**Q** 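Here it is, the structure, as structure tokens.
Each chain gets a letter, A, B and so on, in the order its sequence line appears, and its residues count up from 1. These numbers come from the heavy atoms of this one structure, side chains and all, not from hydrogens, waters or symmetry mates. Values in this document were obtained by computation on a predicted structure and should not be read as measured data.
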Amino acid sequence: MGWDEAAVDERAQAFLAEHDPAKMERLDFLRARFDAGLAWVHFPEGLGGLGAARGLQAVVERRFRGTPDNNPGLITIGLGMAAPTILAFGTDEQRQRFLRPLWTGEEVWCQLFSEPGAGSDLATLATRAVREGDEWVVDGQKVWTSGAHHSRWAILVARTDPDVPKHRGLSYFVCDMEAPGVEVRPLRQITGEAEFNEVFLTGVRLPDSLRLGEVGDGWRVAQTTLMNERVAIGGTPTRRTMIGLLSETWRERPELRTHALHQRLLKLWVDAEVMRLTATRLREQLAAGHPGPEGSGMKLAFARLNQELTGLEVELLREDGLAYDDWAFRRSDSVDFLGRGSGYRYLRAKGNSIEGGTSEILRNIIAERVLGLPSEPRVDKDVAWKDLPR
Amino acid sequence: MSQEAQSPMTLLYTEVEEELRAAVRGLLSGRSSPSEVLAHVESAASDGAVPYDLEVWKALGRDIGAAGLLIPEDLGGAGATAREAAVVLEELGRAVAPVPYLSSAVLATRALLGAEDEAARDLLGRLASGEVTAALAVSFAASPYTPPLSAVTLGADGALTGRVTGVIGAEVADVLIVPVAVEGSGSALYAVDASEARIKTVASLDLTRPIATVSFSGAQGRPVGSAAGVGDALLLAAGLLASEQLGVAEWCLTTTVAYVKERKQFARPVGSFQAIKHRLADLWLEIVGARAAARNAAALLGAGEDAHVAVAVAQAHCGVAAVHAAEECVQLHGGIGMTWEHPAHLYLKRAKADEIALGTPGDHREALALMADLPGPVN
Ligand SMILES: Cc1cc2nc3c(=O)[nH]c(=O)nc-3n(C[C@H](O)[C@H](O)[C@H](O)COP(=O)(O)OP(=O)(O)OC[C@H]3O[C@@H](n4cnc5c(N)ncnc54)[C@H](O)[C@@H]3O)c2cc1C
């Protein structure tokens with residue numbers, strides 16, 4: 001059936017009339033919302049959606065404001081990366097098994113992509129998955145894995161064939177983070193806390209039913225994840241924003257204002273508004289389809305803007321900017337970006353141009369895939385992975 | 001008349017300066033490498049102690065004689081100039097060395113040099129020998145163009161009361177040099193034993209040079225003369241901070257260049273990508289400029305000439321250059337640059353704090369509007 005705004009709104013209202021969040025367990029409420037197709041309306045029916053246009057989600061969110069949420073700060077990787085990949089490449093069983101607890105937040109996901117030797121050049125990764133009957137045995141080391149310490153599942157890319165060029169020998173799996181042989185060690189960040197981890201995989205046995213997509217097709221599956229990751233980081237609308245926060249400080253602290261900072265603030269205010277409008281336009285474009293390389297542009301713009309805004313905030317605050325709220329080494333559950341101090345924001349924002357593809361790599365993607373500029377000569381393209389220089 | 005015609009001194013390093021540099025670098029590379037600094041900061045944090053390395057400070061201040069560089073020979077110092085102090089600060093910046101050099105041997109020392117009383121001269125002698133460490137009780141965020149009014153007042157009983165925020169080096173100072181508002185006569189400088197004050201370290205963005213709040217409630221102090229030197233101390237420190245910023249920027253560039261030569265992605269060093277090469281070439285150029293501007297400020301300050309323009313230019317350029325270099329360092333190290341384990345963050349934090357210290361780049365540019373006769377729009 002074709003869903004329009006009125007129909008979606010009506011369904012949301014009908015749901016809320018029957019399910020009073022004040023009288024239900026939080027999880028029961030979320031599960032019921034998923035089952036009613038009001039989790040993510042653009043997903044198919046039976047998988048938390050209605051098969052409606054992506055843009056109609058806003059109608060649902062308006063109605064559900066103030067009801068228990070699925071703690072989106074904690075499950076961004078699941079929502080933004082794992083879910084679209086499972087939807088695109090998963091079998092029916094995989095979709096049924098994973099999507100509901102992913103959306104309700106019962107099962108947290110992390111991303112086992114980067115390795116010490118493979119960051120920007122992800123396709124060169126060395127974690128091996130070797131088939132043994134109905135199982136895969138995985139050995140290797142992953143790094144910078146955000147949230148691995150509270151994850152139930154991970155999306156994992158591993159090498160299944162070292163004898164072909166690097167992009168062709170990869171396969172994509174769901175990794176059971178509770179399986180024997182998975183070891184998670186925290187890595188402290190420049191902010192003081194440990195958001196990310198090293199993950200050691202030693203003889204981890206994964207049933208073949210946890211493979212997503214065909215054997216050897218892992219690179220293509222990973223591309224879907226990465227495209228979605230960049231939109232998730234760059235293009236998601238948020239209610240409170242960094243420019244909003246900085247503007248509040250500016251209004252509340254007239255004694256800090258200077259002409260030079262004023263000009264910078266005004267320029268960044270325009271940049272933030274242009275970025276908001278660009279993101280809105282991009283979302284409209286994606287309403288029906290899938291994110292294209294344009295999504296990379298949003299993440300690039302977001303990183304630059306966030307870094308300039310947070311840098312300006314520290315400078316504006318002067319003596320207060322010399323202080324730091326808390327250096328304690330702890331494992332963080334989610335990134336409370338706007339809730340922390342200016343120094344934290346300044347430091348954490350430095351990661352925005354590294355995580356999810358560095359700004360340099362995103363510029364290459366825009367230059368090559370959007371503008372069609374020729375790529376630099378590739379020395380590693382037709383060489384079997386095992387013969388690459390290291 | 002161009003500035004060049006006014007300043008006959010060289011912007012290059014003299015042999016004496018190079019020797020001093022070698023001595024400081026020798027000391028720091030043996031005892032204060034970035035990873036040792038990090039370890040030191042960490043162990044201090046877990047003990048609830050301050051991050052200063054007093055062993056290195058002793059060796060630097062006493063053995064190398066850096067504590068007394070700016071103090072005249074007749075008071076027991078080395079009678080050197082801002083040029084030599086600048087070289088020390090370049091090296092300290094390069095190592096983010098946690099020593100109270102800027103706070104004691106520059107800020108407090110220069111304020112005392114302007115005080116002129118016998119008590120000040122006596123204290124300077126003890127600072128020169130490295131026997132005593134001092135701190136100037138003025139916010140590190142104060143700008144030389146609008147020196148803060150003293151928040152400390154003299155009671156009828158002769159005791160001091162008040163609270164100063166954002167102070168560097170107070171935790172390891174034996175003596176605090178305090179500008180005090182005195183009814184009727186404006187202000188005076190007091191020396192107060194650190195034991196008379198309450199010093200509370202604030203969790204700081206700069207892990208290697210934290211700020212503290214210094215409070216006095218009925219503290220006993222000794223008047224040491226006029227507070228007229230405080231403004232000069234801020235100007236001198238701002239000019240010399242440019243050299244520290246230069247050192248910070250240089251470490252970041254050198255370390256990054258070495259890393260991108262080594263680190264391979266796409267089967268080649270990431271430093272072989274033109275996008276990276278051009279950025280690092282631009283950064284190099286910015287640092288070349290930083291060195292010239294920092295040297296110029298140090299030379300004019302050292303010669304006792306009018307250094308206002310030189311200091312403002314150096315601060316406006318070097319503050320930004322150091323932050324830029326540190327930010328590039330983190331970015332071009334990728335994920336490793338975001339870790340606590342890699343020392344890049346110590347430099348980022350130092351560079352960002354230094355940008356605020358002693359006038360922001362915007363403050364220095366604004367000061368130039370007046371000095372270079374480039375007034376703002378009329379309305
Ligand atoms: C906060 C944070 C969270 C993260 N979370 C996760 C996670 O949950 N899961 C996960 O798998 N990974 C995660 N990452 C890892 C991230 O994806 C990688 O750090 C990133 O892809 C860069 O890889 P690298 O660190 O190996 O840097 P490198 O690839 O070694 O890059 C070093 C520098 O070289 C530049 N460079 C590389 N290639 C080129 C080129 N062709 N042209 C120009 N410049 C180039 C890079 O831009 C960078 O500046 C996270 C990283 C951060 C900082």
**Q** Do A:Arg188 and B:Thr339 have side chains that approach each other closer than 4.5 Å (heavy atoms only, starting at C-beta)?
**A**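 In short, these two side chains do not touch, never coming nearer than 4.5 Å.
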**Q** Taking atom CZ as the centre, does A:Arg257 end up with more than 12 heavy-atom neighbours from other residues, nucleotides or ligands that are less than 6.0 angstrom away?
**A**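 Yes, enclosed.
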**Q** To the closest 0.5 Å, what do you measure between OG (A:Ser353) and CD (B:Gln331)?
**A**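 With rounding to 0.5 Å, OG (A:Ser353) is 3.5 Å from CD (B:Gln331).
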**Q** Tell me, do A:Glu195 and B:Met338 make a side-chain contact under 4.5 Å, heavy atoms counted?
**A** no
**Q** So do A:Trp144 and B:Ile336 actually touch side chain to side chain, heavy atoms under 4.5 Å?
**A** yes
**Q** Determine whether more than 12 heavy atoms belonging to other residues, nucleotides or ligands lie under 6.0 Å from atom CG of B:Leu370.
**A** no
**Q** Against chain B, label A:Leu261 side chain, backbone, both or neither, depending on which of its atoms sit under 4.5 Å from a heavy atom there.
**A**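 No part of it gets close to chain B.
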**Q** Evaluate the side-chain proximity of B:Lys349 to A:Leu347: yes if any heavy-atom separation is below 4.5 Å, no if none is.
**A** yes
**Q** Would you mind telling me which of B:Gly334, B:Gly362, B:Gly337 has the largest number of heavy-atom pairs within less than 4.5 Å of chain A?
**A**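 Among the listed options, the one with the most contacts to chain A is B:Gly334.
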**Q** Quick check: closest heavy atoms across A:Ile354 and B:Val330, and the distance to 0.1 Å?
**A** CD1-O, 4.0 Å
**Q** Let me know if A:Val379 has heavy atoms under 4.5 Å from chain B in its side chain, its backbone, both or neither.
**A** side chain
**Q** Can you confirm whether more than 12 heavy atoms, excluding those of B:Glu341, are under 6.0 Å from its CD atom?
**A** no
**Q** Picking from A:Ala123, A:Gly351, A:Ala194, which has the most non-hydrogen pairs under 4.5 angstrom with chain B?
**A** A:Gly351
**Q** Between A:Phe196 and chain B, with a heavy-atom cut-off of 4.5 Å, which part of the residue counts as in contact: side chain, backbone, both or neither?
**A** side chain
**Q** Taking side chain as everything from C-beta outward and backbone as N, CA, C, O, which of these in A:Lys166 sits under 4.5 Å from a heavy atom of chain B? Side chain, backbone, both or neither.
**A** side chain
**Q** Between B:Ala353 and chain A, with a heavy-atom cut-off of 4.5 Å, which part of the residue counts as in contact: side chain, backbone, both or neither?
**A**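 Both backbone and side chain.
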**Q** For atom CZ of B:Arg163, decide whether the heavy atoms of other residues, nucleotides or ligands shown that lie under 6.0 angstrom number more than 12.
**A**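 Open: at most 12 neighbouring heavy atoms sit under 6.0 Å from CZ of B:Arg163.
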**Q** State the CG-CD1 distance between B:Leu207 and A:Ile190, to the nearest 0.5 angstrom.
**A**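 Nearest 0.5 Å value for the CG-CD1 distance: 10.5 Å.
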**Q** Could you list the residues that satisfy salt bridge (Lys or Arg N to Asp or Glu O under 4.0 Å) with A:Asp271, not counting sequence neighbours?
**A**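 With sequence neighbours excluded, A:Asp271 shows a salt bridge (Lys or Arg N to Asp or Glu O under 4.0 Å) to A:Lys267, given in chain and number order.
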**Q** With rounding to the nearest 0.5 Å, note down the distance linking CG in A:Leu388 to CZ in B:Phe266.
**A**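 It comes to 12.0 Å.
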**Q** Atom CD of B:Gln265 and atom CG of A:Leu122: how far apart are they, to the nearest 0.5 Å?
**A**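 The CD atom of B:Gln265 sits 9.0 Å away from the CG atom of A:Leu122.
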**Q** Report, as yes or no, whether the 6.0 Å neighbourhood of atom NZ on A:Lys386 holds more than 12 heavy atoms from other residues, nucleotides or ligands.
**A**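 Above 12, so yes.
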**Q** Just give me the residue among B:Ser204, B:Ala141, B:Gly376 that pairs up with chain A most often, heavy atom to heavy atom, under 4.5 Å.
**A**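 Going by pairs under 4.5 Å, I would pick B:Ser204.
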**Q** With a cut-off of 6.0 Å (strictly less than), are more than 12 heavy atoms of other residues, nucleotides or ligands near CH2 of B:Trp284?
**A**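 Count not over threshold, so no.
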**Q** State, with a plain yes or no, whether a side-chain heavy atom of B:Trp340 is found less than 4.5 Å away from one of A:Gln189.
**A**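 No; the side chains remain at least 4.5 Å from each other.
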**Q** Report, as yes or no, whether the 6.0 Å neighbourhood of atom NZ on B:Lys277 holds more than 12 heavy atoms from other residues, nucleotides or ligands.
**A** yes
**Q** Just verifying a value: how many Å separate A:Asp121 CG and B:Arg263 CZ, rounded to the nearest 0.5 Å?
**A** 9.0 Å
**Q** How many angstroms lie between atom NZ of B:Lys352 and atom CG of A:Leu322, to the nearest 0.5 angstrom?
**A** 11.0 Å
**Q** Any residues in residues 317-329 of chain B near chain A, with a heavy-atom distance under 4.5 Å, and which are they?
**A** B:Val323, B:Glu327
**Q** Has the side chain of A:Glu319 got a donor or acceptor atom that lies under 3.5 Å from a matching backbone atom of B:Ser139?
**A**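 It does not hold such a pair.
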**Q** Any chance CG of B:Leu149 has more than 12 other-residue heavy atoms, nucleotides or ligands included, within less than 6.0 Å?
**A**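 Atom CG in B:Leu149 is not packed in, count stays at 12 or less.
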**Q** Flag the one option from A:Leu187, A:Thr124, A:Val314 with the top tally of heavy-atom pairs under 4.5 Å to chain B.
**A**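 Greatest number of close heavy-atom pairs with chain B: A:Val314.
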**Q** I'd like to verify something: which residue of A:Ala260, A:Gly192, A:Ala323, A:Gly341 has the highest number of heavy-atom pairs under 4.5 Å with chain B?
**A**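 That would be A:Ala323.
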**Q** I need the full list of salt bridge (charged side-chain N to carboxylate O under 4.0 Å, His left out) pairs touching residues 360-371 of chain B, with sequence neighbours left out, sorted by first then second residue.
**A** A:Arg318-B:Asp363
**Q** Hey, does the side chain of A:Glu360 reach the backbone of B:Ile276 with a donor-acceptor pair shorter than 3.5 angstrom?
**A** no
**Q** So what's closer than 4.5 Å to chain B heavy atoms on A:Tyr344: side chain, backbone, both or neither?
**A** neither
**Q** Under a 4.5 Å heavy-atom cut-off, does chain B meet the side chain of A:Glu315, its backbone, both or neither?
**A** both
**Q** What residues, two or more places apart in sequence or in another chain, satisfy ring pair (Phe, Tyr, Trp, His ring centres under 6.0 Å) together with B:Tyr347?
**A**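 Ring pair (Phe, Tyr, Trp, His ring centres under 6.0 Å) list for B:Tyr347, sorted by chain: B:Trp251.
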**Q** Counting heavy-atom pairs under 4.5 Å with chain A, which one of B:Pro210, B:Ala142, B:Ala267, B:Pro361 comes out on top?
**A**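 Maximum pair count with chain A is reached by B:Ala267.
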**Q** Measure B:Ile356 against the heavy atoms of chain A and call it side chain, backbone, both or neither at under 4.5 Å.
**A** side chain
